[in-house]
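Beneath this line is the structure, given in structure tokens, with notes to follow.
Sequence positions, counted from 1, serve as the residue numbers for this chain.
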Amino acid sequence: MAVSFFALALFIFLTLDLDQGSPSYTSAASEGVEITYGTVLKLMHEKTKFRLHSHDVPYGSGSGQQSVTAFPNVDDANSYWIVRPQTGTSAKQGDTIKSGTLIRLQHMKTRKWLHSHLHASPISGNLEVSCFGGEHDSDTGDFWRVHIEGSGKTWKQDQRIRLQHVDTGGFLHSHDKKYQRIAGGQQEVCGVRDKRADNVWLAAEGAYLPVTESK
């Protein structure tokens with residue numbers, strides 16, 4: 001069932017820890033919208049058009065942590081992620097994100113962090129990608145470096161990006177290999193250490209927090 005923009009904005013207002021008052025979110029209806037900390041979005045896998053997805057279901061192998069997949073249904077609320085800065089930085093909500101910056105992605109529904117490590121992924125045997133930790137429980141295994149493809153220097157909605165996991169060096173990756181025992185035709189998400197066409201993503205649907213940093 002589709003989650004309306006207003007319902008999403010209400011959820012954000014009630015659940016996010018805001019230090020700077022109530023933010024004004026806008027729906028990303030056109031290209032060129034800048035991605036800022038505090039934005040809630042879906043990441044679309046460029047090649048397959050599936051969305052990065054998680055739900056409260058553990059892997060049956062590897063780490064046993066919360067599983068991460070790629071999901072074909074555009075409207076599923078389990079595909080929303082909150083863009084957060086790395087821990088120990090002075091970055092604040094509304095700041096833009098330059099190429100090379102370390103970020104974290106927090107799963108909106110379960111509040112866990114997009115994570116990776118040296119466990120083998122279930123289908124391809126690459127690096128497992130999971131969700132782990134909690135609101136105040138995060139470590140370097142949750143850090144991802146934003147690489148903008150092309151000449152852009154600041155992350156925008158229409159820019160192709162790669163996310164490289166800091167601890168393992170793996171790029172966030174998906175492909176057309178699907179889980180047979182998971183409903184909905186969900187694809188494996190994993191990490192691979194080389195650049196491929198299958199590890200390019202774009203910011204898609206979401207509630208985008210406007211830029212508040214001084215220019």
Side-chain angles (χ1 to χ4, degrees), residues 40-73 76-87 100-147 149 160-204:
V40 181
L41 54 71
K42 294 182 181 181
L43 282 177
M44 182 182 73
H45 186 240
E46 184 187 47
K47 195 168 182 181
T48 65
K49 312 306 180 189
F50 282 38
R51 271 59 174 175
L52 185 69
H53 181 87
S54 189
H55 41 261
D56 192 14
V57 175
Y59 282 119
S61 61
S63 69
Q65 295 173 5
Q66 182 171 304
S67 57
V68 173
T69 63
F71 195 67
N73 188 341
D76 196 288
N78 283 301
S79 300
Y80 281 114
W81 302 83
I82 307 167
V83 182
R84 303 284 202 186
Q86 68 175 109
T87 54
T101 300
L102 300 186
I103 67 167
R104 297 176 297 162
L105 290 172
Q106 186 178 30
H107 189 239
M108 189 178 78
K109 275 210 165 182
T110 63
R111 317 304 289 177
K112 296 182 179 180
W113 304 96
L114 187 69
H115 189 85
S116 191
H117 35 222
L118 298 178
H119 290 282
S121 61
I123 297 178
S124 63
N126 289 305
L127 299 167
E128 182 191 273
V129 173
S130 65
C131 271
F132 189 63
E135 193 73 50
H136 304 290
D137 181 14
S138 179
D139 58 28
T140 59
D142 309 326
F143 292 178
W144 299 83
R145 190 178 302 279
V146 178
H147 295 279
E149 296 295 298
R160 302 164 69 246
I161 66 161
R162 286 183 168 88
L163 292 173
Q164 187 175 23
H165 189 245
V166 172
D167 283 358
T168 65
F171 291 96
L172 186 67
H173 184 91
S174 190
H175 40 214
D176 59 5
K177 296 179 175 62
K178 296 180 173 63
Y179 290 97
Q180 299 301 314
R181 297 182 180 181
I182 300 179
Q186 297 179 48
Q187 295 173 174
E188 182 185 58
V189 170
C190 57
V192 296
R193 289 194 174 98
D194 55 320
K195 290 185 178 181
R196 303 182 192 176
D198 277 333
N199 46 48
V200 175
W201 302 80
L202 294 100

List for me each residue that meets side-chain contact (heavy atoms from CB on, under 4.5 Å) alongside Asp198, sequence neighbours excluded, and say none if there are none.
His45, Lys47, His173, His175

For the residue pair [X] and [Y], what are the closest heavy atoms and their distance?
X      : Y      : result
Pro122 : Tyr179 : CG-OH, 3.6 Å
Ser174 : Gln187 : OG-NE2, 3.1 Å
Arg104 : Asp142 : CG-O, 3.4 Å
Cys190 : Val129 : C-CG2, 3.4 Å
Lys49  : Arg51  : O-NH1, 2.7 Å

Taking only residues two or more places apart in sequence, or in another chain, which ones meet Ser130 in a side-chain hydrogen bond (donor to acceptor under 3.5 Å, both in side chains)?
Gln65

Does a side-chain heavy-atom distance below 4.5 Å link [X] with [Y]?
X      : Y      : result
Leu52  : Val68  : yes
Gln186 : His55  : yes
Leu105 : Val83  : yes
Trp81  : Ser54  : yes
Thr140 : Val166 : no
His147 : Phe171 : yes
Leu114 : Leu172 : yes
Glu149 : Arg162 : yes

Starting from the C-alpha separation in whole Å, work towards a yes-or-no answer on salt bridge (Lys or Arg N to Asp or Glu O under 4.0 Å) for Lys178 and Asp176.
CA-CA 6 Å; Lys178 296 180 173 63; Asp176 59 5; over 6 Å; no

Using the test ring pair (Phe, Tyr, Trp, His ring centres under 6.0 Å), find all partners of [X] that sit at least two apart in sequence or belong to another chain.
X      : result
Trp113 : none
His165 : Trp144
Phe143 : none

Side-chain donor-acceptor pair present, Ser124, Glu188, cut-off under 3.5 Å:
yes

Test item: side-chain donor near acceptor, Thr101 and Arg145, under 3.5 Å
no

[atom1] of [X] to [atom2] of [Y]: how many Å apart, nearest 0.5 Å?
X      : Y      : atom1 : atom2 : value
Asn126 : His119 : CG    : NE2   : 15.0 Å
Leu163 : Ile103 : CG    : CD1   : 5.5 Å
Ser63  : Leu118 : OG    : CG    : 11.5 Å

Dump the intermediate steps for side chain to side chain donor-acceptor pair (under 3.5 Å) on Thr110 and Asp56, then the final yes or no.
CA-CA 7 Å; Thr110 63; Asp56 192 14; over 6 Å; no

Would you say [X]'s side chain and [Y]'s backbone share a donor-acceptor pair under 3.5 angstrom?
X      : Y      : result
Ser116 : Glu128 : yes
Arg84  : Ile82  : no
His107 : Asn78  : yes
Thr69  : Phe71  : no
Asp76  : His53  : no

Classify the angle between the aromatic ring planes of Phe132 and His115 as parallel (below 30°), tilted (30 to 60°) or perpendicular (above 60°).
tilted

Set out, in order, the CA-CA distance, both residues' side-chain angles and the distance that settles side chain to side chain contact (heavy atoms under 4.5 Å, CB included) for Leu202 and Leu43, then state yes or no.
CA-CA 6 Å; Leu202 294 100; Leu43 282 177; over 6 Å; no

With a distance cut-off below 6.0 Å to the six-membered ring centre and an angular limit of 45° from the axis, does Lys109 pair with Tyr80 as a cation-pi contact?
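Relative to the ring axis of Tyr80, which defines the angle, Lys109 lies outside at least one limit.
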
Using salt bridge (charged side-chain N to carboxylate O under 4.0 Å, His left out) as the criterion, list what pairs up with Arg193, not counting sequence neighbours.
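Checked Arg193 against salt bridge (charged side-chain N to carboxylate O under 4.0 Å, His left out); zero matches.
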
